Amino acid sequence: MTKPKDAPVEVPPASRGSTKKTSRRRGLEFPSARQVVVRDVGYPFRLRGDPKQMGLEVDNEDLFADYAREQWMGSVVRPGLYLFDRYIIPDFAFQVVDAEPQESIITKATRIILASPLEAGAANIPSKIALEDVVGHESVKKKCRLVLEYLAEPSKFGEWAPRAILFHGPPGTGKTLTAQAVASEANAQIFLAKASDLIGVHVGDGGRRINALFENARLRAPSIVFIDELDAIGLARSFQSIRGDVSEVVTSLLGELDRTSEESGVVVVGATNALALIDPAIRNRFDSVFEFGLPSIEERLGILEMYSRRLPIPIEADLKSIAAITEGFSGRDLRDRVLKESLHEAICSGESLITEDTVRRVLASIKTPRRPEYSI
Ligand SMILES: Nc1ncnc2c1ncn2[C@@H]1O[C@H](COP(=O)(O)OP(=O)(O)OP(=O)(O)O)[C@@H](O)[C@H]1O
Ligand SMILES: [Mg+2]
């Protein structure tokens with residue numbers, strides 16, 4: 001007897017994905033899973049001294065989906081549960097990352113996907129950053145709010161959807177912070193990738209990783225792909241002779257940016273502090289380019305005030321005058337080199353508050369903020 005798609009199937013209250021037939025008991029009803037995303041975890045243990053296991057690689061996603069579905073048919077899945085391989089690598093564990101519906105059963109209609117290692121990183125987005133926490137950069141935040149609106153209702157925008165946004169500017173000016181704020185405010189999946197994750201060890205790895213990243217993002221749309229340190233993978237062709245491995249990555253990235261069409265529901269955010277190093281073909285595919293400049297005096301004051309409120313001990317210093325004498329400092333400089341250092345100084349000297357004196361002393365010890373220059 002065949003059951004219609006999505007029809008509830010009777011299964012037992014399962015533990016650890018219950019791949020064993022013996023645990024099948026009648027009683028509870030679960031809907032059929034449309035899609036299940038698993039990540040490779042490895043064996044439950046290894047002998048001390050044995051090397052750690054490497055991750056799995058899937059070359060043919062359809063084949064994997066069929067193989068996985070056949071052996072786990074009838075298993076109940078929900079995020080967090082483990083499923084064990086029975087044939088190729090017996091007892092190798094997979095963990096359910098996502099299931100649609102959240103608690104469902106694997107049937108003939110289920111598509112099973114192996115999450116790329118990049119997606120595991122995507123889960124680590126700080127959850128409480130809001131766009132409000134980014135001081136200044138008003139036009140960028142405005143655009144980000146539009147992206148949030150788009151992600152909430154992609155159909156509203158049609159062919160006029162925002163597709164790719166590029167952030168550039170000196171280090172420590174809030175590019176990553178802004179992207180994380182969008183990620184944590186959005187009710188959408190975010191795929192975070194650092195250039196170093198995307199360049200593989202073997203030839204062809206980089207291209208494959210880019211393709212997998214975008215493929216996953218399209219499957220999970222509406223979603224955001226955030227590529228930090230874009231310069232390392234979107235390197236201009238003139239530099240690719242130095243980094244031969246990068247050219248295949250650039251080619252893949254170009255292809256994927258083109259495939260991210262209006263209907264895909266995927267927004268790409270790229271960040272770099274070396275715009276000049278980026279391949280012009282890649283740069284052109286970003287429809288909005290935003291410069292993150294160093295903060296103005298008012299913005300420096302705003303940043304100092306915001307982080308002062310979060311300090312574990314009170315600060316009794318005239319923040320206005322500190323803002324006035326810190327021209328050229330980035331937000332990161334103000335937080336990490338001025339406030340954090342002052343806090344550490346105060347704690348080391350056993351003081352219960354941060355005085356103006358301490359801050360001035362710290363400032364005097366900082367000659368000029370590091371500011372790498374990029375030019376070609
Ligand atoms: N405009 C800002 N508002 C609030 N905090 C800021 C701002 N700019 C920088 N910061 C602080 O500095 C930290 C570092 O900023 P961030 O990592 O976003 O810099 P970035 O522009 O991505 O730098 P890089 O180019 O080095 O990657 C942030 O986590 C935040 O604490
Ligand atoms: Mg950054």
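Not measured: the values here are computed from a predicted model. Indexing begins at 1, ligand by ligand and atom by atom, following the structure's order.
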Checklist outcome for this item: Per-atom filter on ligand 1: closer than 4.0 angstrom to a heavy atom of Asn273 are 24 (P), 25 (O), 26 (O)
Checklist entry - Is the side chain of Gln180 donor-acceptor paired with the backbone N or O of Ile129 at a distance under 3.5 Å, no angle test? => result no
Next on the checklist: I need the contact type for His137 against ligand 1. Using non-hydrogen atoms and a strict under-4.0 Å cut-off, is it side chain, backbone, both or neither?
Outcome noted: side chain
Checklist entry - So which heavy atom on Asp40 is nearest to which on Leu114, and how close? => result N-CD1, 3.7 Å
Checklist entry - In terms of atom number and element, which parts of ligand 1 are under 4.0 angstrom from non-hydrogen atoms of Val134? => result 3 (N)
Next on the checklist: Test of understanding: given a 4.0 Å heavy-atom threshold, classify the contact between Thr178 and ligand 1 as side chain, backbone, both, or neither.
Outcome noted: neither
Next on the checklist: Between Arg39 and Asp98 (salt bridge meaning N to carboxylate O under 4.0 Å), is one present in this structure?
Outcome noted: no
Item to check | Shortest non-hydrogen contact between Asn273 and Lys175, atoms and distance | outcome: CB-NZ, 4.1 Å
Next on the checklist: I need the nearest protein heavy-atom contact for atom 3 (N) of ligand 1: residue, atom name and distance, please.
Outcome noted: Val135 N, 2.9 Å
Next on the checklist: Under a 4.0 angstrom heavy-atom cut-off, which atoms of ligand 1 come close to Pro171?
Outcome noted: 23 (O), 24 (P), 25 (O), 26 (O)
Checklist entry - Which of these, Thr110, Ile105, Val37, Leu83, sits in a side-chain contact (heavy atoms from CB on, under 4.5 Å) with Val77? => result Leu83
Checklist entry - Does Met306 reach ligand 1 with a nitrogen or oxygen that is under 3.5 Å from one of the ligand's nitrogen or oxygen atoms? => result no
Item to check | Parallel, tilted or perpendicular: rings of Phe94 and Phe64 (30°, 60°) | outcome: tilted
Item to check | Identity and separation of the nearest protein heavy atom to atom 30 (C) of ligand 1 | outcome: Tyr307 OH, 3.1 Å
Next on the checklist: Give me the number of protein N, O or S atoms whose distance to the Mg ion (ligand 2) is under 2.8 Å.
Outcome noted: 1
Checklist entry - Identify the closest protein heavy atom to atom 15 (O) of ligand 1: which residue and atom is it, and at what distance? => result Gly174 N, 3.9 Å
Item to check | Short side-chain to backbone donor-acceptor contact, Gln95 and Gly80, under 3.5 Å | outcome: yes
Next on the checklist: Using 30° and 60° as the class boundaries, would you call the ring planes of Phe167 and Phe292 parallel, tilted or perpendicular?
Outcome noted: tilted
Checklist entry - Is Glu305 atom CD crowded by more than 12 heavy atoms from other residues, nucleotides or ligands, each under 6.0 Å away? => result yes
Checklist entry - Side chain, backbone, both or neither: which part of Arg332 has a heavy atom under 4.0 Å from ligand 1? => result both
Item to check | Closest approach of any protein heavy atom to atom 21 (O) of ligand 1, naming residue and atom | outcome: Lys175 NZ, 2.8 Å
Next on the checklist: Determine whether a donor-acceptor pair (N or O, by modelled atom type, separation under 3.5 Å) exists between the side chain of Arg78 and the backbone of Glu103.
Outcome noted: no
Item to check | Residue pair Pro31 / Pro101: nearest heavy atoms and the distance that separates them | outcome: CG-CG, 3.7 Å
Checklist entry - Under 3.5 Å, is there a donor-acceptor pair between the side chain of Tyr67 and the main chain of Ile88? => result yes
Checklist entry - Does Asp228 reach ligand 1, in the sense of a heavy atom lying below 4.0 Å from it? => result no
Item to check | Protein heavy-atom partner closest to atom 9 (C) of ligand 1 - residue, atom, separation in Å | outcome: Gly172 O, 3.1 Å
Next on the checklist: Give me the atom names and distance for the closest heavy-atom approach of Glu356 to Ser321.
Outcome noted: OE2-OG, 3.8 Å
Checklist entry - Can you check whether Tyr43 and Phe92 have ring centres sitting under 6.0 Å from each other? => result yes
Checklist entry - Quick one: which ligand 1 atoms are inside 4.0 Å of a heavy atom on Asp133? => result 3 (N), 4 (C)
Checklist entry - Has Ala271 got any heavy atom lying under 4.0 angstrom from an atom of ligand 1? => result no
Next on the checklist: Please classify the Thr176 to ligand 1 contact at 4.0 Å (heavy-atom distances, strictly less than): side chain, backbone, both or neither.
Outcome noted: both
Checklist entry - Starting from atom 18 (O) of ligand 1, which protein heavy atom do you reach first, and at what distance in Å? => result Leu177 N, 2.8 Å
